[in-house]
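Below is one structure; the comments refer to it alone.
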Amino acid sequence: MPAKRPLSLDDILRYDDAAVKFLFEHYYVQLVVFAKNWLPDIEDCKDVVQEIFIHIVEYKEPFDSLGKLKAYLYQSVRNRCLKFLRHEEVKQRYAEEMRAVSEEAYYLDRMLEEEVYVHLMNAIDALPPQCGRVFRLVLENKSNQEIADALSISVETVKSYKKEGKALLYKHLKDIIPMALLSVWLSC
């Protein structure tokens with residue numbers, strides 16, 4: 001079997017299967033190792049180098065010497081690695097900003113919840129005494145039967161106090177707390 005002759009620049013610039021295979025076999029490993037100078041993850045290095053080969057083949061980049069082709073490959077790898085790092089930095093900064101916004105939103109939600117709770121407790125304190133006791137137990141997620149047992153009253157009386165208290169609380173809090181939020185708190 002005759003020995004294969006090396007591909008000429010003209011052969012390579014046709015970018016046919018043999019040319020792409022030649023370029024890949026001769027430069028892929030070297031370029032991945034070169035990319036490792038900038039990127040810590042070998043898989044990212046491989047992706048960058050593969051993107052370079054895809055670009056060259058898609059756009060059939062013209063070169064007037066193998067030296068310029070080789071220089072182009074190395075320069076492209078370097079530039080893509082730096083672009084990759086900038087993109088990663090932007091993603092990380094965005095993630096940190098979103099985390100900060102999320103933490104701030106959580107803090108504001110807790111603040112609002114505490115403020116609503118204080119208004120609600122003040123309004124419950126302003127209810128008639130037995131009605132207020134019923135609502136404190138409602139906020140502890142007690143059932144009507146548990147409230148009745150705890151206060152030694154009937155379940156019907158509990159329901160009556162809850163109905164009366166709800167009306168008074170809505171009236172007292174309607175200008176302070178949005179109705180939707182108040183409905184959630186008073187869903188009993």
Side-chain angles (χ1 to χ4, degrees), residues 1-122 139-141 173-187:
M1 180 180 244
K4 275 186 158 180
R5 70 173 177 83
L7 293 178
S8 70
L9 179 62
D10 290 336
D11 293 333
I12 293 171
L13 293 181
R14 277 197 309 262
Y15 294 108
D16 60 14
D17 289 344
V20 172
K21 183 178 180 187
F22 172 81
L23 285 173
F24 197 81
E25 287 174 352
H26 281 81
Y27 294 109
Y28 179 76
V29 173
Q30 296 170 29
L31 292 171
V32 169
V33 170
F34 182 69
K36 195 78 172 99
N37 289 314
W38 289 278
L39 304 178
D41 183 10
I42 194 71
E43 293 304 316
D44 292 335
C45 295
K46 290 176 182 179
D47 290 345
V48 164
V49 172
Q50 287 173 1
E51 287 173 17
I52 300 298
F53 279 108
I54 290 168
H55 176 81
I56 284 178
V57 172
E58 273 183 9
Y59 294 97
K60 299 194 183 328
E61 295 284 350
F63 297 97
D64 49 14
S65 75
L66 283 176
K68 286 185 180 177
L69 171 59
K70 188 175 179 179
Y72 176 84
L73 290 171
Y74 280 91
Q75 187 65 39
S76 295
V77 168
R78 178 186 170 278
N79 290 344
R80 292 248 178 161
C81 287
L82 295 175
K83 183 179 179 182
F84 180 89
L85 291 172
R86 282 191 301 272
H87 180 69
E88 289 300 307
E89 185 180 315
V90 167
K91 284 186 349 188
Q92 185 175 0
R93 222 177 16 244
Y94 178 77
E96 288 171 5
E97 287 172 9
M98 289 300 101
R99 193 171 24 260
V101 166
S102 178
E103 288 172 3
E104 185 176 332
Y106 176 80
Y107 173 75
L108 291 174
D109 284 349
R110 297 298 72 76
M111 230 171 67
L112 178 62
E113 191 176 287
E114 183 63 30
E115 200 170 307
V116 167
Y117 184 77
V118 166
H119 283 294
L120 181 61
M121 292 311 292
N122 288 339
L139 290 178
E140 293 176 16
N141 291 323
L173 297 171
K174 69 179 181 184
D175 296 329
I176 300 170
I177 302 171
M179 279 303 192
L181 188 57
L182 193 54
S183 294
V184 169
W185 279 75
L186 298 178
S187 61

Can you tell me how far apart [atom1] ([X]) and [atom2] ([Y]) are? Round to the nearest 0.5 Å.
X      : Y      : atom1 : atom2 : value
Ile52  : Gln75  : CD1   : CD    : 10.0 Å
Phe24  : Leu31  : CZ    : CG    : 10.0 Å
Ile42  : Asp47  : CD1   : CG    : 10.5 Å
Glu51  : Glu58  : CD    : CD    : 10.5 Å
Phe84  : Asn79  : CZ    : CG    : 15.0 Å
Glu114 : Met111 : CD    : CE    : 10.5 Å

Do the side chains of [Y] and [X] get nearer than 4.5 Å, heavy atoms only?
X     : Y     : answer
Tyr28 : Phe53 : yes
Leu39 : Val48 : yes
Leu73 : Phe34 : no
Val49 : Lys46 : no
Val57 : Leu23 : no

Decide side-chain contact (heavy atoms from CB on, under 4.5 Å) for Met121 and Leu139; before the verdict, give the C-alpha distance in whole Å, the side-chain angles of both, and the deciding distance to 0.1 Å. CA-CA 10 Å; Met121 292 311 292; Leu139 290 178; 3.7 Å; yes
Before accepting this row, confirm whether a basic side-chain N of the pair [X]/[Y] lies closer than 4.0 Å to the acidic partner's carboxylate O.
X     : Y      : result
Arg99 : Glu103 : no
Glu89 : Arg86  : no
Lys91 : Glu88  : yes

Where is the tightest heavy-atom contact between Ala35 and Cys81, given as atom of each residue plus distance? CB-SG, 3.7 Å
If I compare all heavy atoms of Lys36 with all of Asp41, which pair ends up nearest, and what's the gap? NZ-N, 4.3 Å
Got more than 12 heavy atoms from elsewhere within 6.0 Å of [atom1], [X]?
X      : atom1 : result
Glu104 : CD    : no
Lys83  : NZ    : no
Gln92  : CD    : no

Test the Arg110-Tyr106 pair against the cation-pi criterion, namely NZ or CZ under 6.0 angstrom from the six-membered ring centroid and within 45° of the ring axis. yes
